[in-house]
Each structure stands twice: as C-alpha cells, then as structure tokens.
Amino acid sequence: MTAKISYDSVEVGTELPAQSFPVTRDTLVRYAGASGDFNPIHWNEKFAVEVGLPDVIAHGMFTMAEAIRVVTDWVGDPAAVVEYGVRFTKPVVVPNDDKGALIEVSAKVAVKLDDNRVRVDLVAMSGDQKVLGMSRAVVQLA
C-alpha cells in the first residue's frame, strides 16, 4: 500500500476527519488477550479502586492505537506513519455499564516537512479530559 494523500494537496491546518471510538469492558478484555497485558487495573474494578483509580481504565497502548487510526484512515496506509509518540495525561475510565467510555480524536496537519512528510498533531479526549498529550505523528505522503 501507499499513501493516498498527496503532499501537494495538504496545507498546514488541514483537518483530518475526526472519529469516536467506543470502549467497553469487553473491549478491554479482548485487548488484554491480544496484547498479553492482564494488569488488573484494566479489568478488576475492586483492584483499580484499591490502587487509587476511579474505576477500571483502558490500556494506554490501546488508547494510543485507537487515536492513530484517525491518521491511518486518512492517509490510507498504516505504513505511511513513520513516527508516532504521545504522553499519557489522563486515563480513559471505563465504567461497567452498557455504554462504557468514548475516545474522541481530532487531528490536523501542523507542519509540512521535507521529503513529502507532514507532522500531524492529534487531540484525544474522553469524558471531557485530554487523555493524550504531545500526540504527534510524522506521515509520509505521496
């Protein structure tokens, strides 16, 4: 695959289509199985509260992976992401109900770089809190 977005067609400030990602306890159990991260803060409410968390929280790497989907869906090729980093600022709290939590992600082109690359800055929110800080990806465009 190759990037479907042309470097010449983007400007600084170009907004990527925002997306929302639902997260339930079932989602966390499935992610734990796939990742091998069975830390009880991600599935055991009693344990999570005992260690000072408000409730069960989503895996940080899961949150990070959901956020970058905004970029990979936009560019059309996951391999076009050549760098990606975040700071985990707040946890995604996942209540034990039918709704769970929602991760809402927006992004925009912040800088045009050399070699047909752009830096995309992402904003990931859950429950009116920013859950990822300094969330940035460098993307190789066509």
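Small disclaimer: the values here were computed from a predicted structure and weren't measured. What you see below is based on every heavy atom in this structure, not just the backbone, and it leaves out hydrogens, waters and symmetry mates.
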task: Spell out, yes or no, whether V70 and Y84 are grouped together once hydrophobic residues are joined by side-chain heavy atoms under 4.5 Å, including indirect joins.
output: yes

Salt bridge (charged side-chain N to carboxylate O under 4.0 Å, His left out) filter on D55, not counting sequence neighbours, yields R25

d(E83 CD, R136 CZ) to nearest 0.5 Å is 11.0 Å

Residue set satisfying ring-ring contact (aromatic ring centres under 6.0 Å, His included) with Y31, at least two apart, ordered chain then number -> H59, F62

Listed pairs under 3.5 Å, donor-acceptor, residues 36-43 side chains, sequence neighbours left out:
residue, atom, partner, partner atom, Å
D37, OD1, N39, N, 3.2
N39, OD1, I41, N, 3.0
H42, ND1, I57, O, 2.7
W43, NE1, F38, O, 3.0

All heavy atoms of L16 vs all of V71, minimum pair found to be CD2-CA, 3.9 Å

Under 3.5 Å, sequence neighbours excluded: what are the donor-acceptor pairs made by side chains of residues 98-112?
residue, atom, partner, partner atom, Å
K112, NZ, Y7, O, 3.1
K112, NZ, V10, O, 2.8

Note: I5 and L141 closest approach over all heavy atoms is O-CB, 3.4 Å

Requested in this report: Tell me whether L113 is reachable from V82 by hopping between hydrophobic residues (I, L, V, M, F, W, Y) whose side-chain heavy atoms are closer than 4.5 Å.
Outcome: yes

dist W74:CH2 -> T14:OG1 (nearest 0.5 Å) comes out at 7.0 Å

Any side-chain heavy-atom pair of Q140 and N116 under 4.5 Å:
yes

Here the gap from T63 atom OG1 to I68 atom CD1, rounded to the nearest 0.5 Å, amounts to 13.5 Å

Tightest non-hydrogen contact, residues A142 and A3, listed as CB-O, 3.6 Å

Quiz prompt | Within one Ile-Leu-Val-Met-Phe-Trp-Tyr cluster: V123 and V138, side-chain cutoff 4.5 Å | solution = no

Separation between CG (L53) and CG (N44), nearest 0.5 Å, reads 11.5 Å

Shortest non-hydrogen pair, P54 vs V49, comes out as O-CG2, 4.0 Å

Table please: side-chain donor-acceptor pairs of residues 85-94 below 3.5 Å, with sequence neighbours left out.
residue, atom, partner, partner atom, Å
T89, OG1, K130, O, 2.7
T89, OG1, V131, O, 3.3
T89, OG1, L132, N, 3.4

For residues D73 and Q19, is any side-chain donor paired with an opposing acceptor at under 3.5 Å?
yes

Residues passing the salt bridge (charged side-chain N to carboxylate O under 4.0 Å, His left out) test with E50, sequence neighbours excluded, are K46

Here the gap from R69 atom CZ to L122 atom CG, rounded to the nearest 0.5 Å, amounts to 13.0 Å

So CE of M125 and OG of S20: to nearest 0.5 Å the spacing works out to 11.5 Å

